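Worksheet for the structure shown next.
Atoms within each ligand, like the ligands themselves, are counted from 1 in listed order. Below, all heavy atoms of this structure are taken into account, side chains as well, without hydrogens, waters or symmetry copies. Just so we're clear, the structure is a prediction, and the values are computed from it rather than from any experiment.
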Amino acid sequence: MSKPRKTVQSLRSQLWFNAPKSAGDHKRRRIRQAGFTTEDFKDKPVIGILSTWSDFNTCHAHFPQRIEEIKRGIWQAGGFPAVIPLQSVSESFSRPTAMLYRNFLAMEAEEAIRSHPVDGVVLLGGCDKTTPGLVMGAASAGVPAIYVPAGAMLRGHWRGATLGTGTSTWQAEADYRAGLLTQSEWEDLSQSSVRSTGTCNTMGTASTMTTLVDVLGLSLPGASSIPAIDAEHARMASAAGRRIVEMVWEDLTPKDIVSTASLRNAVITDMAISGSTNSLIHLVAMAGRLGHDLSLADFGDASEGIPVVCNLMPAGQYLMEDFHFAGGIRALLGVIAEHLDLSVMTATGRTLSEEIAGAKVWNEDIIRPLDKPIYPTGALVVLKGSLAPRGAVLKRSAASPELLRHTGPAVVFKSYKDLHDRIDDPALEITRDSVLILQNAGPIGAPGMPEWGMLPIPKRLLAEGVRDMVRISDGRMSGTSFGTCILHVCPESHIGGPLGLVRDGDLIRLDVDARQLDLLVDPKELEARRAAWQAPKPHYERGYGALFSRHVTQADQGCDFDFLADGEATLDPEVH
Ligand code: FES
């Protein structure tokens, strides 16, 4: 049932601007200080533009221009725009890992909304963690919000080949380490892979998350695949500015838009696009903020019924730009329509069914028909077993088929530093059948669950032509990565999970068809190891790191903070 339209008197910003006595006058005076007249903002919805721009987030370098275009749309529709900069959570520059700061961004977005006189917000993000962070914060704040995705960068080219961000450079890096590329060839290729601003152009985490947020109805439908520097992207930005003003009058919030059915649509789409494994964590966290339960089992179930029809790297061969001109997400949703509930709401106020009507596939090699997928069902699988009692994740579509059923002896690395210190040590006892284990890469143990899960293959084995091995960790993997990498092992080793009890030579059995991951060690021996296990010292004693370590949940719960995951937004405090 639709809500009553907002009136000027019921706008949240009026709490500030029409506050009694001198309080309201002070707020109006201070806006005029910036050169505005009373007519510029009087009785208008105030729209916050939450921007994750910084010079360190090179995927967002076009945001200053996009902000002007969003403002144009807001003015046109009778709103008053106000930019609120947030931290930019650059995937490339944030250390120890951008994931440590996703929840920080979510808190910052929620509090920025709560503490300012905004009636609605435009969320401007795209680089991996910015999408879930902004959506989580806006969902908790509970005001109307529309997401403007950064758009992907242009495709890369090198010596006649097409390069996809991340995927192609990971492959080339292995060749470089194996001595097949010179230093200058490697640098030339690396530079050629990043031709413009915009997010990674493979179906990595950034594109997966912007696609899924599009499917959830939180962007203008189809916005997610528009290339970052295309004029269409600028037009989409100003259209979003116009639309958010109307959403304020309609009081259309993220919780009004996203339903259990739209979350299920997102999970199904995630399988059809062979989305990033990171999406499992982010979707669970976003669902929690939106008031819905989503579990790893929901992904496992969806995975069984839907093939991969989107032929994009790393599972396939094309890039986001190609996807857009093949019809983009609206066309893809048309292909998988029989698996979806198209009656769900979108940010436009229309249903998904109305929004994808007429969308066509223009290239059936890029967006395949259901009966000609690039991969059958089960692209992302959830594994359980004695090594991962609460679950682990494998992107089967990017793994080596011959390794999906494998038993091998563990080669254990206690930390990322230990891994890099010893992986190329000629004395390391390792064969192509070994199973590489990385401990202490989880949410608390690393900290922040970095993308260390695509463990490097030892140089010696690379030179022998080995390009994949079974690799297991409680960390994550870049969405642009590939290989038989089992990730998100839960509970993590740092808090006493079985992964932390593995020792060199223990046999590990992976059986993907049976969805099993087991540590083949005698239970009595394992019990003795557990009794002797001592919790490592915490990484942080103070500051945000300490807050993170004390309150972050495990991967199967979305790694949100326990004190933010549930509950309603706090009411606006009285304004003075
Ligand atoms: Fe920003 Fe990949 S580094 S999207």
In Å, rounded to the nearest 0.5 Å, how long is the span from OH of Tyr147 to OG1 of Thr131?
2.5 Å

Out of all atoms in ligand 1, which are within 4.0 Å of some heavy atom of Thr199? Include the element for each.
4 (S)

Hey, would you say the Phe323 and Tyr318 ring centroids sit under 6.0 Å apart?
no

Is it the case that the ring center of His324 lies less than 6.0 angstrom away from the ring center of His233?
no

N, O or S from Cys59 under 2.8 Å to atom 2 (Fe) of ligand 1
no

Which of the numbered atoms in ligand 1 are under 4.0 angstrom from any heavy atom belonging to Asp128?
2 (Fe), 4 (S)

Are Phe548 and Phe561 close enough that their ring centers fall under 6.0 Å?
yes

Atoms in ligand 1 with a heavy atom of Glu91 nearer than 4.0 Å
3 (S)

Under 4.0 Å from one or more heavy atoms of Ala206, ligand 1 contributes atoms 4 (S)

Atoms in ligand 1 with a heavy atom of Cys127 nearer than 4.0 Å
1 (Fe), 3 (S), 4 (S)

Show which atoms of ligand 1 fall inside a sub-4.0 Å distance from at least one heavy-atom site of Ser92.
3 (S)

Pick out which of Leu436, Leu394, Leu487, Leu499 makes a side chain to side chain contact (heavy atoms under 4.5 Å, CB included) with Ile472.
Leu499

Please check if the number of heavy atoms outside Glu232 that lie under 6.0 Å from its CD is greater than 12.
yes

Looking only at heavy atoms, is any part of Cys200 under 4.0 Å from ligand 1, and if so is it the side chain, the backbone, or both, or is it neither?
both

